[in-house]
Amino acid sequence: FMQQNFPSAVRYYELALQSTNNQLEQLFSYVGLMKVYQRTSQNKKFYEYYNRANRRINNLLDELDVLDDHDLARLTVAESDFHIAASTYYYYMQKEDRARDELSRINLNDVAAADSIQWVYGLYMLGSTNLDEDLDPVQRDINGFDNLLKALFYCRMRDIPYFEANLLQTFAEQYTDTIWVERIRSHRETAIPFINPRDIPDSIISIELSNQALKLFERYGDFYQIAGEHRSLSSIYFGKKMYHEALEELSLALDNINTFTKRYHPEDKSVLNLYEEQDSLSVEVNWIENHPLYSIPQWLANIRESLS
């Protein structure tokens with residue numbers, strides 16, 4: 001899944017389901033399939049495995065007395081992963097109330113005791129989505145910053161490049177918001193050097209952080225995030241009226257998607273281009289309709305939206 005090889009991910013998850021009657025192991029596979037179908041925008045299948053996973057969680061919660069400490073910890077991880085996957089789905093569907101509800105069901109203290117990486121994931125989701133309606137806007141930004149900073153500190157201490165990159169990407173996007181910058185400088189000024197140790201001016205720090213994130217994603221080898229980071233850089237450049245650089249980043253994003261497609265599907269000779277007389281939009285439609293497990297509609301839609 002992390003390498004965007006979704007057909008193989010589905011095959012292994014389904015094989016795991018066929019190989020065991022253990023409800024906890026089945027739950028992990030159901031959540032994994034939720035993530036695949038969220039990423040590939042297959043809504044009907046997402047809900048199918050959402051419902052299956054939800055039933056498994058309820059069954060397991062009714063049988064806590066038969067689980068040992070190891071399985072209880074794994075259930076905590078699986079349950080939090082379920083809520084994060086569901087929240088991600090609802091967030092991108094612009095159903096913020098549902099996304100907020102899913103995140104509110106995660107107990108970060110329990111997750112931290114069970115799995116530190118999952119704890120970082122929870123902090124990242126809480127900090128990046130910033131959905132807490134019970135707080136005023138200033139306190140919401142401060143709480144989000146604190147969650148992200150805590151996660152970033154841990155990632156750098158333990159060398160966790162994937163989440164460090166995601167966190168830097170989030171900070172890069174937030175630095176484009178002058179109101180957010182003013183609030184953080186007013187309330188968390190002493191923490192800023194941890195993010196910006198070289199005291200790079202606010203006017204260009206978003207570009208620097210985004211490039212740092214890009215290097216980490218390249219180190220990790222995540223095609224999805226690499227393309228997403230090129231699009232983020234394009235948005236930053238566009239906001240600064242650096243149009244040539246913005247277009248160049250979008251071209252790199254498409255190049256990355258083409259590389260991804262050739263890696264896993266060398267038989268497909270079609271490619272995406274920024275523009276040609278016969279626009280490559282038909283290539284996208286073909287991928288989505290005929291190869292749903294290796295097209296990522298959100299990927300393509302975001303880039304096309306930026307090009308428009």
Side-chain angles (χ1 to χ4, degrees), residues 1-62 71 73-108 110-111 114-115 117-126 128-129 131 162-163 166 222-225 228 260 264 287-288 291-302:
F1 173 81
M2 299 303 291
Q3 296 296 318
Q4 318 308 310
N5 190 346
F6 301 124
S8 292
V10 169
R11 184 167 62 252
Y12 283 118
Y13 285 133
E14 290 179 343
L15 182 61
L17 288 169
Q18 295 166 10
S19 302
T20 182
N21 291 321
N22 184 296
Q23 292 194 83
L24 186 54
E25 301 303 332
Q26 289 178 338
L27 174 58
F28 276 103
S29 290
Y30 289 151
V31 174
L33 287 163
M34 282 172 59
K35 292 180 179 181
V36 169
Y37 295 126
Q38 180 274 320
R39 183 67 61 85
T40 55
S41 299
Q42 297 188 62
N43 298 328
K44 184 178 180 180
K45 289 190 174 182
F46 171 85
Y47 276 112
E48 175 186 344
Y49 287 102
Y50 173 93
N51 290 328
R52 291 189 185 188
N54 198 31
R55 286 195 295 270
R56 281 291 177 271
I57 289 172
N58 290 331
N59 290 343
L60 288 161
L61 291 176
D62 288 339
D71 283 343
R74 296 190 72 227
L75 175 57
T76 297
V77 172
E79 191 176 0
S80 67
D81 212 24
F82 166 78
H83 291 304
I84 288 173
S87 178
T88 301
Y89 174 82
Y90 291 127
Y91 183 77
Y92 283 112
M93 294 292 287
Q94 298 182 335
K95 297 180 178 180
E96 292 192 356
D97 288 344
R98 296 291 300 272
R100 185 183 303 110
D101 180 65
E102 293 289 348
L103 286 180
S104 71
R105 297 171 185 271
I106 300 171
N107 186 319
L108 279 181
D110 290 346
V111 174
D115 187 294
I117 300 297
Q118 194 69 15
W119 172 72
V120 167
Y121 197 2
L123 287 173
Y124 163 71
M125 286 296 295
L126 288 171
S128 60
T129 57
L131 294 174
Y162 176 78
F163 280 113
N166 276 284
D222 189 323
F223 286 102
Y224 177 79
Q225 298 289 4
F260 155 77
Y264 291 117
W287 286 358
I288 293 170
H291 308 287
L293 276 180
Y294 76 81
S295 68
I296 305 177
Q298 191 67 40
W299 226 8
L300 304 172
N302 286 343

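Model, not experiment: these values are computed from the prediction. FYI, side chains are in, hydrogens and waters are out, and symmetry mates aren't considered; it's all heavy atoms of this structure. Sequential numbering from 1 along the given sequence is applied to the chain's residues.
- Remark: the Tyr89 side chain and the Asn43 side chain contain an N/O donor-acceptor pair separated by less than 3.5 Å.
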Steps toward side chain to side chain contact (heavy atoms under 4.5 Å, CB included) verdict (Met125, Thr88): CA-CA 8 Å; Met125 286 296 295; Thr88 301; 3.5 Å; yes

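- With rounding to the nearest 0.5 Å, the separation of CG in Asp115 from OG1 in Thr76 is 10.0 Å.
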Side chain to side chain contact (heavy atoms under 4.5 Å, CB included) evaluation trace for Arg55 with Tyr30: CA-CA 10 Å; Arg55 286 195 295 270; Tyr30 289 151; over 6 Å; no

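- Considering every non-hydrogen atom in both Val31 and Ala78, the closest pair reads CG2-O, 4.2 Å.
- With respect to Arg74 and Glu25, a salt bridge is recorded, a charged nitrogen being found less than 4.0 Å from a carboxylate O.
- Side-chain atoms of Ser80 and Gln118 form a donor-acceptor pair, as typed in the model, at a separation below 3.5 Å.
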Side chain to side chain contact (heavy atoms under 4.5 Å, CB included) between Val36 and Tyr13, worked out: CA-CA 10 Å; Val36 169; Tyr13 285 133; 4.3 Å; yes

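- In this structure, CG on Leu17 lies 8.0 Å from CZ on Arg52, to the nearest 0.5 angstrom.
- You'll find the side chain of Tyr91 stays beyond 4.5 Å of the side chain of Glu102, heavy atoms only.
- Taking the ring centroids of Tyr50 and Phe82, they lie under the 6.0 Å cut-off.
- Ring-plane geometry between Phe46 and Tyr90 is classed as perpendicular, the angle between the planes exceeding 60 degrees on a 0 to 90 degree scale with a lower cut at 30.
- Expressed to the nearest 0.5 Å, how far CD1 of Ile117 lies from CG of Asp81 amounts to 12.5 Å.
- The structure places NZ of Lys35 at 7.5 Å from CD1 of Ile84, a figure rounded to the nearest 0.5 Å.
- Across every non-hydrogen atom of Gly122 and Leu108, the tightest pair is CA-CD2, 3.9 Å.
- Both cation-pi conditions hold for Arg39 and Tyr224: the charged atom is under 6.0 angstrom from the six-membered ring centre and inside a 45 degree cone around its axis.
- The local environment of CG in Asp62 is crowded, with over 12 non-hydrogen atoms from other residues, nucleotides or ligands closer than 6.0 Å.
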Salt bridge (charged side-chain N to carboxylate O under 4.0 Å, His left out) evaluation trace for Glu48 with Lys44: CA-CA 6 Å; Glu48 175 186 344; Lys44 184 178 180 180; over 6 Å; no

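- To the nearest 0.5 Å, atom CZ of residue Arg56 and atom CD of residue Gln26 are 4.5 Å apart.
- Salt-bridge check for Asp101 with Arg98: failed, with every basic side-chain N at 4.0 Å or more from each acidic carboxylate O.
- Within a 6.0 Å radius of OH in Tyr12, no more than 12 heavy atoms belonging to other residues, nucleotides or ligands are found.
- One finds the CG atom of Leu33 at 12.0 Å from the CZ atom of Phe6 (value rounded to the nearest 0.5 Å).
- Contact between Ala99 and Ser87 at its shortest, heavy atoms only, is O-OG, 3.1 Å.
- Shown here for Ala86 and Met34, the closest heavy-atom pair between the two residues is N-CE, 4.0 Å.
- Looking at every heavy atom in both residues, Leu60 comes nearest to Leu27 through CD1-CD2, 3.9 Å.
- In terms of heavy-atom proximity, Asn22 sits nearest to Leu24 at OD1-N, 2.9 Å.
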